[in-house]
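Side-chain atoms are counted along with the backbone in the values below, which use heavy atoms only and exclude waters and symmetry mates.
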Amino acid sequence: MFIRPFSNRRFALIVRFALLTALVLLGGCRSTLFASLNATNRRAGVDTQRSIVFDAQHHLMLDVYRPKTAVHAPVVVFFYGGSWTHGQRGWYRFVGDTLAAHGVVAVIPDYRKYPHVKMDGFMQDAARAVAWVHQHASELGAAPDELFVMGHSAGGQIGALLVTDPSWLAPYDLRPTDLAGFIGLAGCYDFMPIPANEKDMLGAFGRDAAAQTRAQPVHFVSNHEPPMLLLQGEADHEVDPSNAVSLAHELEAKHDEVTLHLYPGVSHNALVFALSRPFRGDAPTLDDVLRFIRAHDRTGDVATLP
């Protein structure tokens, strides 16, 4: 009797269907969705260190995902999204697992959120996390001069502001050009004026034009930025694709290095979920991220895509 092999593709399709069904039935319960997603994405050859304190004063921690053989590997600090009001580093284990499985050390920090803090609070947290990784890179098997910042959605705004406005990294004697590059996934880069019905955004960033300008990465572009990769789904109804287009145009005008990819039919969450095994086929996010890291990596430690 011939038994048809249970292929990885068939398994991924079944898991994908189960996850989407669960999301509908659970009414969008984020914790359960991410827990289920992460359970399908475990990777061999990846060491994980969770809940490392990088800011004891504010009880902030980070998780590290590293290839077991990592030595002088590129390192990515990933800032997750959540409208600056919610989100947890543990939800994005699939991002860390996937990057580490391809030769990249991944660090996912938490940061304080609105209404507990406003923009200065979470930006200071983000800068502190990047400085901590830069300082401890060699202990993680990473190279401090191969440090990339990456963010999705609100995390994209945080990361982009770190690499365009030098004032955030300055307290740690770091400059944006000390970073190897920035990778933005559907980030908020140019969103003035903030609509009157966006109460949380107004609370986090301010109501007047001067205050809101401080939050706009596009405002700070000055030809002193690291190379940037901007990925954006054209079917994104949460962060308008004009954000990525605007930032790319401004970078090009200042003769900065930037690569913009607009993915037809790709939604806001599909862009980052494509880093997980079940949703890999929805967008070429991983391929483009790894290609960018390879192009700006001098270590040669990024593994070839399987």
Measure the shortest side-chain to side-chain distance between [X] and [Y] over non-hydrogen atoms and say whether it is less than 4.5 angstrom.
X: V133; Y: V64; result: no
X: T98; Y: R280; result: yes
X: F78; Y: V272; result: yes
X: Q88; Y: F34; result: no
X: I183; Y: I293; result: yes
X: L161; Y: M119; result: yes
X: Q124; Y: H58; result: no
X: I158; Y: M123; result: yes

Just verifying a value: how many Å separate [X] [atom1] and [Y] [atom2], rounded to the nearest 0.5 Å?
X: R207; Y: Q212; atom1: CZ; atom2: CD; value: 9.5 Å
X: N223; Y: E225; atom1: CG; atom2: CD; value: 7.0 Å
X: E234; Y: L262; atom1: CD; atom2: CG; value: 5.0 Å
X: D63; Y: Y92; atom1: CG; atom2: OH; value: 13.5 Å
X: L60; Y: D125; atom1: CG; atom2: CG; value: 5.0 Å
X: H249; Y: K254; atom1: NE2; atom2: NZ; value: 13.5 Å

[X] side chain to [Y] backbone, donor-acceptor under 3.5 Å:
X: D47; Y: K68; value: no
X: D282; Y: L271; value: no
X: R89; Y: I108; value: no
X: R112; Y: V117; value: no
X: H261; Y: L229; value: no
X: Q157; Y: A215; value: yes

| field | Qualifying ring pair (Phe, Tyr, Trp, His ring centres under 6.0 Å) pairs, either residue in residues 209-246, two or more places apart | value | none
| request: Might you work through the side chain to side chain contact (heavy atoms under 4.5 Å, CB included) test for R66 and V75, ending with a clear yes or no? | output: CA-CA 9 Å; R66 59 186 298 272; V75 55; over 6 Å; no
| query | When the aromatic ring centroids of Y111 and Y80 are compared, is their separation below 6.0 Å? | reply |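 Yes, close enough.
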| query | Parallel under 30°, tilted from 30 to 60°, perpendicular over 60°: which one fits the rings of F122 and W84? | reply | parallel
| said: Students often mix this up, so state it plainly: with edges at 30° and 60°, are the rings of H296 and F292 parallel, tilted or perpendicular? | reply: tilted
| Hey, what else clusters with M61 if you join Ile, Leu, Val, Met, Phe, Trp, Tyr whenever side-chain heavy atoms sit under 4.5 Å? |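 Reading the cluster by chain and number, M61 sits alongside V53.
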Single-linkage hydrophobic cluster [X]~[Y], side-chain heavy atoms < 4.5 angstrom:
X: V77; Y: L62; result: yes
X: L37; Y: Y65; result: yes
X: L286; Y: F273; result: yes
X: V239; Y: L230; result: no

| Are side-chain N/O atoms of Y172 and D178 paired as donor and acceptor at under 3.5 Å? |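 Y172 vs D178: no donor-acceptor pair found between side chains.
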| field | Audit row: L260, E252, side chain to side chain contact (heavy atoms under 4.5 Å, CB included) steps and yes/no | value | CA-CA 11 Å; L260 170 66; E252 289 172 344; over 6 Å; no
| message | Looking at D120 and R214, is any side-chain nitrogen of the basic one under 4.0 Å from a carboxylate oxygen of the acidic one? | response | yes
Nearest non-hydrogen partners of [X] and [Y], listed with the distance:
X: A180; Y: P226; result: C-CB, 4.3 Å
X: P109; Y: F79; result: CG-CE2, 3.6 Å
X: Y189; Y: N243; result: N-OD1, 3.0 Å
X: V163; Y: P176; result: O-CB, 3.2 Å
X: A283; Y: A274; result: O-CB, 3.6 Å
X: A154; Y: G82; result: CB-N, 4.1 Å

| request: Test side chain to side chain contact (heavy atoms under 4.5 Å, CB included) on V95 and V76 and set out the steps. | output: CA-CA 10 Å; V95 175; V76 168; over 6 Å; no
| Trace of the side chain to side chain contact (heavy atoms under 4.5 Å, CB included) decision for V130 with W168 | CA-CA 10 Å; V130 170; W168 298 111; over 6 Å; no
